[in-house]
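All values below were derived from every heavy atom in this structure, side-chain atoms included, with hydrogens, water molecules and symmetry-related copies excluded.
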Amino acid sequence: EVKGFGGKPKTPAKEVYLSESGISTTNLAGVAAHAKGPSVLTGGETLQRRPFEPICKGINDLGAKAESFKNSGKPPLKISGFLSGGFAEIDGLNSQPVSSLLISCPVAKKDSEIAVTNPNETSYVEMTMRWLDEQGIKYRAAKDFTKYNVEGGQSFHSFEKAIPADWSSACFSLCAAAITSDSEVLVKGLD
């Protein structure tokens, strides 16, 4: 059970430590761009070596400010200002920045246009769009995943739903079973 904040997140009192989770860092960067004060997102050693330039660029293009403490595009990241909408062009080699902006832009004040170069991992973007559809969010997407127009001033509503399991997360236990003799693993609920 998750208690929401109606599109107006509070600024965290201290750094948000995200261990080694890149998807959490990317998605929370978009959410933090709606908080009043600066939010600092950090994590473990390998997370701090991973690049987050695409989400930082998208946030900066859309009116908020995302910066790396090391000026390298890598965590810790400081997110401040307000995501207001407008035009952003980002690299889509990793789908996570695209999904983060698609989730964050509906609650921006103005409409947003997101241009994506190198669209990749499009099945994950399709999954994000299914969530937007379930929430009644108004947006348009190019069939080739290179352009999105998202109406601003929208809101998400609460819901009760069994969250589909993710094959990429399940693969760890499935691979471990495959390489171990005399093992058996049952994974249920994969979408």
message = Please determine whether a side-chain nitrogen of the Lys or Arg among K57 and E89 lies less than 4.0 Å from a carboxylate oxygen of the Asp or Glu.
response = no

ask   = Just by modelled atom types, is the S99 backbone N or O under 3.5 Å from a matching donor or acceptor in the T128 side chain?
value = no

ask   = Can you find a pair of side-chain heavy atoms, one from Y124 and one from Q96, that are under 4.5 Å apart?
value = no

Pairwise side-chain contact, V150 with L102, heavy-atom cut-off 4.5 Å (strictly under) = yes

query = Are V31 and I23 in one and the same hydrophobic cluster, where Ile, Leu, Val, Met, Phe, Trp and Tyr link if side-chain heavy atoms are under 4.5 Å apart?
reply = no

request  = Flag yes if F82 and L62 sit in one hydrophobic cluster, no otherwise; membership is Ile, Leu, Val, Met, Phe, Trp, Tyr, and two members link when side-chain heavy atoms are under 4.5 Å apart.
outcome  = no

inquiry  = C56 vs E67, test: side-chain contact (heavy atoms from CB on, under 4.5 Å). Steps then yes/no.
reply    = CA-CA 7 Å; C56 290; E67 55 191 324; over 6 Å; no

Joint cluster assignment, L190 & V185, ILVMFWY side-chain distance < 4.5 Å = yes

Atom pair OG/CD of S72 and Q48 - distance to nearest 0.5 Å = 9.0 Å

Heavy-atom check, side chain of H34 versus side chain of K8, under 4.5 Å = no

task = Can you see which heavy atom on T146 is nearest to which on P119, and at what distance?
result = CG2-CG, 3.8 Å

query = Under 3.5 Å, is there a donor-acceptor pair between the side chain of E121 and the main chain of S95?
reply = yes

key: Non-hydrogen side-chain atoms of I114 and F87 separated by less than 4.5 Å   = no

query = To the nearest 0.5 Å, what is the distance between OG (S104) and CG (N27)?
reply = 7.5 Å

query = Does any donor atom in the side chain of S24 or S21 lie under 3.5 Å from an acceptor atom in the other side chain?
reply = yes

request  = Please report the C-alpha distance between L174 and V187 in whole Å, then the side-chain angles of each, then the deciding distance to 0.1 Å, and finally whether the side-chain contact (heavy atoms from CB on, under 4.5 Å) criterion is met.
outcome  = CA-CA 8 Å; L174 295 172; V187 180; 3.7 Å; yes

ask   = Given N149 and D111, is the side-chain contact (heavy atoms from CB on, under 4.5 Å) satisfied, shown in steps?
value = CA-CA 7 Å; N149 295 89; D111 295 352; over 6 Å; no

remark   = When rounded to the nearest 0.5 Å, the distance separating CG of N118 from CG of N94 is 11.5 Å

query = Side chains of T46 and E20: do they bring a donor and an acceptor to under 3.5 Å?
reply = yes

message = Do the side chains of R130 and E134 get close enough for a salt bridge, i.e. N-O under 4.0 angstrom?
response = no

message = Do V16 and I59 sit in one hydrophobic cluster, given that two such residues count as connected whenever their side-chain heavy atoms are within less than 4.5 Å of each other, even indirectly?
response = yes

request  = Look up atom CD in Q135 and atom OG in S155, then write down how far apart they are to the nearest 0.5 Å.
outcome  = 8.5 Å

request  = Might you confirm whether atom NZ of K78 has over 12 heavy atoms from other residues, nucleotides or ligands at distances under 6.0 Å?
outcome  = no

inquiry  = Other residues, nucleotides and ligands only: do more than 12 of their heavy atoms fall within 6.0 Å of NZ on K138?
reply    = no

message = Please give me the minimum heavy-atom distance between T26 and I55, naming the atom from each residue.
response = O-CG1, 3.9 Å

remark   = On a heavy-atom basis, the closest approach of S112 and G85 is OG-CA, 3.3 Å

ask   = Would a hydrophobic clustering, with Ile, Leu, Val, Met, Phe, Trp and Tyr connected at side-chain separations under 4.5 Å, put M127 with V98?
value = no

query = Between atom CG of L77 and atom NZ of K65, what is the distance when rounded to the nearest 0.5 Å?
reply = 13.5 Å

Polar side-chain atom of N60 near backbone of A66 as donor-acceptor pair, under 3.5 Å = yes

Minimum heavy-atom distance P54-D91, with the two atoms named = CB-O, 3.7 Å

task = Any chance you could measure S123, atom OG, to F145, atom CZ, to the nearest 0.5 Å?
result = 8.5 Å

Minimum-distance pair of heavy atoms, taken over all atoms of A64 and S80 = CB-O, 3.4 Å

Pairwise side-chain contact, L41 with F52, heavy-atom cut-off 4.5 Å (strictly under) = no

key: Student check: side-chain heavy atoms of V125 and V116 closer than 4.5 Å   = no

key: Residue pair F156 / I137, side-chain heavy-atom distance below 4.5 Å   = yes

message = Assess the residue pair L83 and C105 against the criterion (side-chain contact (heavy atoms from CB on, under 4.5 Å)); give the C-alpha distance rounded to whole Å, side-chain angles, the decisive distance to 0.1 Å, and a yes or no.
response = CA-CA 8 Å; L83 194 89; C105 285; 4.3 Å; yes

remark   = Between T11 and P38 the two heavy atoms that sit nearest each other are CG2-O, 3.0 Å

ask   = Heavy atoms, side chains only, cut-off 4.5 Å: are F69 and T42 in contact?
value = no

